[in-house]
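Shown next, in structure tokens, is the structure this report addresses.
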Amino acid sequence: MAAITIPRPVLVLDLDNTLLHTIPAVHLAPGEAYLLRRPPPTKPGQQQMFFDMAATHGYLTKLRPFVRTFLREAGAMYDLRICTMGTRDYAHHMARLLDPDGALFSPARIVAREDLKEADRKGLDDVVPGGDLRAVVILDDTVEVWEKHLDNLVSLRPYDYFAGRWRRGKSFAQMRMDEEEAEGGLAIALDLLRRAHEMFLDQGAGGDLREVLRRLRKKPELRVPRR
């Protein structure tokens, strides 16, 4: 008897306010300008998390706490893709910050603004054309852009390191602190993605991650994180 083949699931990742936060330096709020002189220190043994490109590109980028562990562990379970409304140059630059060795995000796995069929919407046809949508999970802080694929969506609270122009209340940068790794959005999402992956494999051939997510949403202790 031939072995049953279960497709390797795909995880589609947003960039801004999901894996990182980028802001033009000119939009730094009062109490954040110190970052241009004294960026947050890199912990011993940790890769760089804050990138000051104000002098050349005019923006600052802060990676979300736990992001490298998240990508490494999620990448062991899922094929990772990026889908962003940022430009292609921006998306590829951010991918290099997140994945300096290029082990997770080849250029073919990155979908940017220029690749989207609709300017204000993201679609799985753009990311996995012809793919089996039963084996796809999306992680994004914005729900509205995925209106055609809500059954595939895991929505998590946005990561706002900088205040920017729209945030109410003080930012992490203004408070000179950051999201907790162990209790932050990516740690919560990774736990759910592990459970979803196990349940998907348990379904065998013909499994459907959309059904898995529906089941998880019904359990308070396993609830998909929302804003």
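Residues Leu60 and Val26 do not share a hydrophobic cluster, clusters being chains of Ile/Leu/Val/Met/Phe/Trp/Tyr side chains in contact below 4.5 Å.
Side chains of Glu211 and Arg214 form a contact here, defined as non-hydrogen atoms less than 4.5 Å apart. Counting heavy atoms from C-beta outward, Phe70 and Leu13 have side chains that approach closer than 4.5 Å. Residues Leu15 and Thr22 have side chains not in contact (no heavy-atom distance under 4.5 Å, counting atoms from C-beta outward). At a threshold of 4.5 Å between non-hydrogen side-chain atoms, the residues Thr42 and Met49 do not count as touching. Taking the side chain as every heavy atom from C-beta outward, Leu190 and Met77 approach each other to under 4.5 Å. With contacts defined as side-chain heavy-atom distances shorter than 4.5 Å, the pair Tyr78/Val12 does not qualify.
Across all their heavy atoms, Pro65 and Leu186 have their closest contact at O-CD1, 3.9 Å. Across all their heavy atoms, Leu209 and Pro9 have their closest contact at CD1-CB, 3.7 Å. The two residues Arg157 and Ile188 have their closest heavy-atom pair at NH1-CD1, 3.8 Å. Here the closest non-hydrogen pair linking Leu216 and Leu192 is CD1-CG, 4.0 Å. For the residue pair Arg217 and Leu153, the shortest heavy atom distance occurs at NH2-O, 2.6 Å. Across all their heavy atoms, Ala163 and Ser171 have their closest contact at N-CB, 3.3 Å.
Here the OH-NE2 distance, from Tyr59 to His93, works out to 4.0 Å after rounding to the nearest 0.5 Å. A distance of 12.0 Å separates CZ in Arg37 from CG in Asp52, rounded to the nearest 0.5 Å. Interatomic distance, CZ of Arg81 versus CG of Asp126, reported as 13.5 Å (0.5 Å rounding). In this structure, NE2 in His92 is found 9.5 Å from OG1 in Thr87, a value given to the nearest 0.5 Å. Asn152 CG to Leu139 CG: the interatomic distance, rounded to the nearest 0.5 Å, is 12.5 Å.
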- Message: As a quick check of understanding, evaluate side-chain contact (heavy atoms from CB on, under 4.5 Å) for Cys83 and Leu116, giving each step before the final call.
- Response: CA-CA 9 Å; Cys83 184; Leu116 298 174; 4.0 Å; yes

- Task: Starting from the C-alpha separation in whole Å, work towards a yes-or-no answer on side-chain contact (heavy atoms from CB on, under 4.5 Å) for Leu36 and Leu28.
- Result: CA-CA 10 Å; Leu36 297 173; Leu28 286 174; 3.9 Å; yes

- Query: Given the rule in the side-chain contact (heavy atoms from CB on, under 4.5 Å) test, do Asn17 and Asp160 qualify, once you have shown the distances and angles that lead to the verdict?
  - Reply: CA-CA 6 Å; Asn17 304 108; Asp160 294 313; 3.0 Å; yes

- Where do Asp141 and Thr18 land on the side chain to side chain donor-acceptor pair (under 3.5 Å) test, with the steps shown first? CA-CA 6 Å; Asp141 70 289; Thr18 297; 3.0 Å; yes

- List the steps and the verdict of side-chain contact (heavy atoms from CB on, under 4.5 Å) for Leu20 and Leu97. CA-CA 10 Å; Leu20 51 85; Leu97 299 186; over 6 Å; no

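Put simply, the side chain of Asp79 never gets that close to the backbone of Arg8: no donor and acceptor are under 3.5 Å apart. Remark: side-chain polar atoms of Arg68 are paired, donor with acceptor, to backbone N or O of Leu98 under 3.5 angstrom. Of the possible donor and acceptor atoms, none in the side chain of Tyr161 sits under 3.5 Å from a partner among the backbone N and O of Leu63. Within the 3.5 Å criterion, the main-chain N or O of Pro30 finds a donor-acceptor partner in the side chain of Gln174.
When each of Met177, His21, Glu32, Lys62 is paired with Phe172, the side chain to side chain contact (heavy atoms under 4.5 Å, CB included) condition holds for Met177 and for no other. Considering Glu180, Glu181, Glu179 as possible partners of Arg64, the one that fulfils the salt bridge (Lys or Arg N to Asp or Glu O under 4.0 Å) test is Glu179.
A donor-acceptor pair shorter than 3.5 Å cannot be found between the side chains of Thr84 and Tyr90.
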Review item, side-chain donor-acceptor pairs of residues 198-206, under 3.5 Å, at least two apart:
unit_1: Gln203; atom_1: OE1; unit_2: Asp208; atom_2: N; d: 2.6

Donor-acceptor pairs under 3.5 angstrom involving side-chain atoms of residues 104-111: please list them, not counting sequence neighbours.
none

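Between Lys122 and Asp14 a salt bridge is recorded (basic side-chain N to carboxylate O distance below 4.0 Å).
Using bins of under 30°, 30° to 60° and over 60° for the plane-to-plane angle, the ring pair Trp146/His149 lands in the perpendicular bin.
Heavy atoms of other residues, nucleotides or ligands lying less than 6.0 angstrom from CD of Glu183 number 12 at most.
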